[in-house]
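Worksheet for the structure shown next.
Numbered from 1 within each chain, the chains take letters A, B, ... in sequence-line order. This structure is a prediction, so every number in the text was calculated from the model and none was measured.
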Amino acid sequence: MPTMNMVQAINLALKEEMQRDKDVVILGEDVGRDGGVFRITEGLFDQFGPERVMDTPLAESGIVGTAIGMAAYGLRPVAEVQFMGFIYPAVDQIFNHAARLRSRSRGRYSASLVVRTPYGVGIKSPEHHSESSEAHFCHMPGLKVVVPSSPYNAKGLLISSIRDPDPVLFLESTRLYRMIKEEVPEGEYTVPLGKARVVQEGKDVTIVAWGSMLQRTLQAVAGTGAEVIDLMTLNPFDEETVYASVKKTGRAVIVQEAPRTGGFGAEIAASIAEEAMLYLRGPIVRVAACDAVLPLPKLEDYYMPTAARIQKAVEEVMKY
Amino acid sequence: MPTMNMVQAINLALKEEMQRDKDVVILGEDVGRDGGVFRITEGLFDQFGPERVMDTPLAESGIVGTAIGMAAYGLRPVAEVQFMGFIYPAVDQIFNHAARLRSRSRGRYSASLVVRTPYGVGIKSPEHHSESSEAHFCHMPGLKVVVPSSPYNAKGLLISSIRDPDPVLFLESTRLYRMIKEEVPEGEYTVPLGKARVVQEGKDVTIVAWGSMLQRTLQAVAGTGAEVIDLMTLNPFDEETVYASVKKTGRAVIVQEAPRTGGFGAEIAASIAEEAMLYLRGPIVRVAACDAVLPLPKLEDYYMPTAARIQKAVEEVMKY
Amino acid sequence: MPETIIESCSVKRLDILNEKGEADESLLPPLSDEQVKRLYELMVQARTFDHRALNLQREGRIGTYASILGQEASQIGTVFAAGKSDWVFPSFRENGVVFAKGQEMYRILLYWGGDERGLIAPDDAHIFNVSIPVGTHILHAVGAAMAMKYRGDNAAALAYFGDGATSEGDFHEGMNFAGVFKAPVVFICQNNQWAISVPREKQTAAKTLAQKAFAYGFDGIQVDGNDVFAVYKATKEALDKARGGGGPTLIECDTYRMSDHTTADDASRYRKKEQVEAWKARDPILRLRLFMEKKGLWNQEYEKSVQTAAANMVDEAEKKAEAVERANPSDMLTFTFKTLTARQEKQMRDF
Amino acid sequence: MPETIIESCSVKRLDILNEKGEADESLLPPLSDEQVKRLYELMVQARTFDHRALNLQREGRIGTYASILGQEASQIGTVFAAGKSDWVFPSFRENGVVFAKGQEMYRILLYWGGDERGLIAPDDAHIFNVSIPVGTHILHAVGAAMAMKYRGDNAAALAYFGDGATSEGDFHEGMNFAGVFKAPVVFICQNNQWAISVPREKQTAAKTLAQKAFAYGFDGIQVDGNDVFAVYKATKEALDKARGGGGPTLIECDTYRMSDHTTADDASRYRKKEQVEAWKARDPILRLRLFMEKKGLWNQEYEKSVQTAAANMVDEAEKKAEAVERANPSDMLTFTFKTLTARQEKQMRDF
Ligand SMILES: Cc1ncc(C[n+]2csc(CCOP(=O)(O)OP(=O)(O)O)c2C)c(N)n1
Ligand SMILES: Cc1ncc(C[n+]2csc(CCOP(=O)(O)OP(=O)(O)O)c2C)c(N)n1
Ligand SMILES: [Mg+2]
Ligand SMILES: [Mg+2]
């Protein structure tokens, strides 16, 4: 089985889905001849042509808004927003239309499209290129949010997302793009949306993470008794797996890359505090970025959670 | 002392601040001759003229974006977004610029402006006119979020917001606009940002609410042993007051109008689960709207939290 | 190398039928007597519906309602030019458009009554959801048109919006995408002179809205929006051009909002009676009637039959709407995703 | 009432100095020899800085950098026309603009090195933060211009952006607000033919970008963006008009991005060498030199002195930038709000 990094795995998923289904089209800034600024769409323009791999004008609302129109007409568009820091102009189209189309028309129409965007700190890029804004999108009923953490699940999750009947925001950690290589099967397989996976089993403490923070968490607690859960889908998230683990360990730590206040970690903690409270020995601790405007590269390492801070959090909950 | 409703109190705050400071200007859709669709700016156009009360073209990003430019130049703009459901086109300007201007320039510039917008279910208005999206804005460092719950604190909080050196999102519940009348002093007074108030003292359970949900909560638990906290400012929220109360009562219920998943109630619950866990007798319960696309008026009453559901939540936590 | 002119444009306006009912025969579109009558009847039906909806709102039987009074020619004339396979993307004020394109009238009442089921359109009518956020659906029309082109379908999209919508970023991005991808879309801007309380001249400093098309490399034209022949002709030509691969067109229908913005608005706060009066004389239905009378297509009893038929149609719709049983509260969860999430299943129990 | 023409526009292009260094004397702006030399020196300094920055990036001493090579006339010519009280609102590619407007060169290096302190501009320089989200700052320029007008200040705002930015909704909303409020703002669009890999003709179907101004009711003009005299003249006139209450102007500078989009880009993937070669011949600095030589304003030793001065200036800036002590991590919290929140104070302890 070929080993590949996340860029190659996502590229392969796109290629195979486009071969399978003529309705799958790609649109975005520089996704065509250039193959995207991260080369995710490399080769697709040459293979499928400008009708299916569309370089658009520089307009994010336009990209997502036209994708909604295409989806309503029956296509399966995969829209790329070049960086998550530039997704905000498209928030209106995502929240007021993509997420609502099915409900507003009582099932008459739906927006089955995928919005892919690179996110996160870690490649020393300029301002607005390192956001981790997933929480905003997890508070919008009708929208699914998926965050792969490795090449294998990236491919399987993207295929599921493209085939999903509802709109999916697909977040790709720029730090992970070329960090990990692993075996990724050629050809079709899917990883189901809405299901988490237990990456490391343990009895002492449950650590919930996703995307870029998973690797960092695994480094921090390798060989310990910590149980590590990779959510993979944030909305809807896999409550069962999380509660089952917490009920077993009696302790919970949540690791998110985003600033603490109002991040998605709050939803995980609140849900645990509501559904598994009686099994808890002590506080639920969140490890997160500080409540600061995302800094330029010189300070970004101080901003996001480090392995050391994850370990500190584990020690803290282990006191109980 | 005159008694007035929230519309009159907000109008008075704007009028007095404009009299006090020539740098305070108003801009938005229909805020001029029409006085705003809720009449919040009634009379200000005639009193201060079109240079200070500006009817803008129909463009929310334009309204907030030009307000940022005005603020950077030294004015104190108060921008109105006609309904919270239409604030999304301005999210990019609010997140990427207003909230960051100070940090990006290390204090050289700042965006001291107020964005006012009516929010919430309850006046049977058309689609997109009833959102309660505060959570999105509480996850953006550099932005303050204020939600008054009565005419008196609406006036005092708005004056504080206009004078605040940082950008403030000021949310006005359409349901409250004309629901409550109370005594509101003429002339200057402020209610500080970042401070909550205990509206009803009690020993049994702490109930945290804000804006439209406060009244409903008070109706639900009037005369009981519940302690009711009105947050008033969501970001930064008054942690001390909340923890102190929870440590006293040992029980916590949070009431939010927004859909459950990822709402601001999650942040309150998570913070309590982290800072006051050892004082808790049982689960932290959130009362919220269901995770559905906001319905049209015919179903809206089933969507948002009712007094009955608040009472049910209290009974539940009282079991412990 | 002095200053040189490197590009230029001119904005046309089309007028065919004047207020006295006189038509410029050289420009008159080739419509059969039956078609002319059909146009008239549709306009009367649209106005009858509008009148009833306003009453129902007053009686509290539906919610806030946006009247189309005065815009009947712009709405019926444009949609009458559309083929079955063409799609319409309406804003909230297109009650006449969606009804004429095949939406059941009772559903239009359901929608304004606050029931999502009012947005369910017949399968073959090709009517997209009404869009309330101003200008946003322009992008959906363009995207759908791009999909039509991709699939090689012989169809075009009609995007409906107002003068105020031209100020939104989505209008700009949609127009620009349409130009770049030569999408088969026709932009119908009903310039009814007002965006709630903001007059057209405060919405943009451009003399016309039609000229905005020049910024995107395609044609814009202004038509007398109360002249159903001019509206129809411009739309027909634009649709043929779009389906033929000629790309998009912007049509500015110069018309007027005779009513308040919605039933929640009070226009007397910001506009003069005189202006409204002046536009009364330009009524789109009246002038078509005068034209038909000259042609022997209209007389009192015809009028009576048309009015009665329209009234009956609206009675039917009203009865049917009121007969619809209350929606199940759980619908709001059922239709949020294709399948319920675990959490939503729990929440179902709250109902 | 046949079809009538109700509005029209034509787009001018201004060329003064050609590639051979020959100028149209009738159009030449009234610049003293000293001013011409100053223009030349600023352009050389800008290019010298740019060259150094590219090297520093290669050596890993600064981060991703956006080169201005080829756009020196558009940047220096426009800002040279601005008065002290005028404000500039730069995008990420305005290194020449902000330096010529008074930003200390070492701070520009700090910024590209990933340090917010690089955005601190001198009090009286009137330079707004660089904006990375494309097109968004156009609105800030318009808002500031509205504030200038409100206060009656004798000042104008210059908004800088590229060809790609014209596709964003914020461009549209900013242009429209400017037209409606007759704001004293000049829009400088450096059309360098590319938006990363997207060529100008795929960005919009409009023949020129200048013509987009017509959609907002004010003038647009295209100038040879490699002709510093044309750029200067058009900007000067637009600024005088703006300060005089004449409202906004859009200036399209027809120029070319000679380098990759940024140091993270590889332009060879999407554009032909031939195109780049063709534009080399149109170099903005070369043609000004030829002009000055004819006028006796340029000779070898003058060139040497200019180059040495520029090199020294950049050496200084580099030294100063590298001498800046590392920022305190807690700065990111300190500058988020005017005063720390209780929660932030706790978080300070993590550093
Ligand atoms: C994005 C957005 N902002 C504000 C509103 C509130 N609003 C509803 S209609 C309207 C005016 C629309 O004017 P126009 O586009 O001319 O259409 P008309 O109502 O005249 O048909 C406004 C401001 C909205 N629906 N959407
Ligand atoms: C809103 C937004 N979307 C995408 C990007 C990524 N991006 C940076 S520069 C650029 C191209 C800009 O082209 P243009 O406006 O012509 O300016 P130029 O780079 O040519 O100077 C893009 C797509 C961004 N910075 N902001
Ligand atoms: Mg209108
Ligand atoms: Mg460019």
Side-chain angles (χ1 to χ4, degrees), chain A residues 60-61 85-89 91-96 99-100 102-104 127-128 131 133 135-142 235-237 252 254 258-278 280 282-286 290-296 320, chain B residues 60-61 85-96 99-100 102-104 127-128 131 133 135-142 235-237 252 254 258-259 261-278 280 282-286 290-296 320:
Chain A
E60 289 70 20
S61 186
F86 308 130
I87 201 171
Y88 301 123
V91 159
D92 188 37
Q93 286 292 339
I94 296 170
F95 285 7
N96 271 339
R100 291 170 198 240
R102 176 186 302 282
S103 175
R104 298 186 63 231
E127 284 183 281
H128 306 283
E131 330 302 301
S133 326
H136 302 302
F137 300 90
C138 297
H139 185 48
M140 185 46 57
N235 195 35
F237 80 98
I254 298 136
R260 161 175 301 263
T261 303
F264 191 67
E267 176 58 41
I268 304 293
S271 299
I272 293 170
E274 193 154 359
E275 305 292 339
M277 179 62 105
L278 303 179
L280 286 170
I284 304 169
V285 174
R286 288 178 287 166
C290 60
D291 288 305
V293 169
L294 204 133
L296 266 64
Y320 302 91
Chain B
E60 289 70 20
S61 186
F86 309 129
I87 201 172
Y88 302 123
V91 159
D92 188 38
Q93 286 292 338
I94 295 170
F95 285 7
N96 271 338
R100 291 171 197 238
R102 177 187 301 282
S103 175
R104 300 186 62 230
E127 285 183 279
H128 306 282
E131 330 302 300
S133 327
H136 303 302
F137 300 90
C138 296
H139 185 48
M140 185 44 59
N235 194 34
F237 80 97
I254 299 135
T261 303
F264 191 68
E267 176 57 43
I268 304 293
S271 299
I272 291 170
E274 194 154 1
E275 305 291 341
M277 179 63 105
L278 303 179
L280 286 170
I284 304 169
V285 174
R286 289 180 286 166
C290 59
D291 288 306
V293 168
L294 200 117
L296 266 66
Y320 302 91

Check whether any side-chain heavy atom of [X] lies under 4.5 Å from a side-chain heavy atom of [Y], and answer yes or no.
X	Y	value
B:Met140	B:Ile94	no
A:Arg100	B:Glu127	no
B:Pro141	A:Arg260	no

What option among A:Ile284, A:Leu294, A:Val91, A:Leu296 has the most heavy-atom pairs under 4.5 Å with chain B?
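Among A:Ile284, A:Leu294, A:Val91, A:Leu296, the one with the most close pairs to chain B is A:Ile284.
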
Of the non-hydrogen atoms in A:Asp92 and B:Pro89, which two are nearest, and what is the gap between them?
OD2-CG, 3.6 Å

Looking only at heavy atoms, which two atoms of A:Leu278 and B:Pro283 are closest? And how far apart?
CD2-CD, 4.4 Å

Contacting moiety of [X], where chain A heavy atoms sit under 4.5 Å:
X	result
B:Glu60	neither
B:Glu131	side chain
B:Ile254	neither

Flag the one option from [options] with the top tally of heavy-atom pairs under 4.5 Å to chain A.
options	value
B:Gly282, B:Ala135, B:Gly142, B:Ala99	B:Gly282
B:Ala276, B:Pro259, B:Cys290, B:Ser271	B:Pro259
B:Arg104, B:Arg286, B:Glu275, B:Gln93	B:Arg286
B:Asn96, B:Val285, B:Asp291	B:Asn96
B:Tyr320, B:Phe237, B:Phe95	B:Phe95

Once rounded to the nearest 0.5 Å, what's the spacing between atom NE2 of B:His128 and atom OH of B:Tyr88?
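Those atoms lie 9.5 Å apart.
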
If I measure from the heavy atoms of chain B, does [X] come under 4.5 Å with its side chain, its backbone, both, or neither?
X	answer
A:Arg102	neither
A:Ala292	backbone
A:Thr261	both
A:Ile87	neither
A:Ser61	neither

Judged by atom type as modelled, is there a donor-acceptor pair below 3.5 Å linking the side chain of B:Asn235 to the main-chain atoms of B:His139?
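Answer holds: no.
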
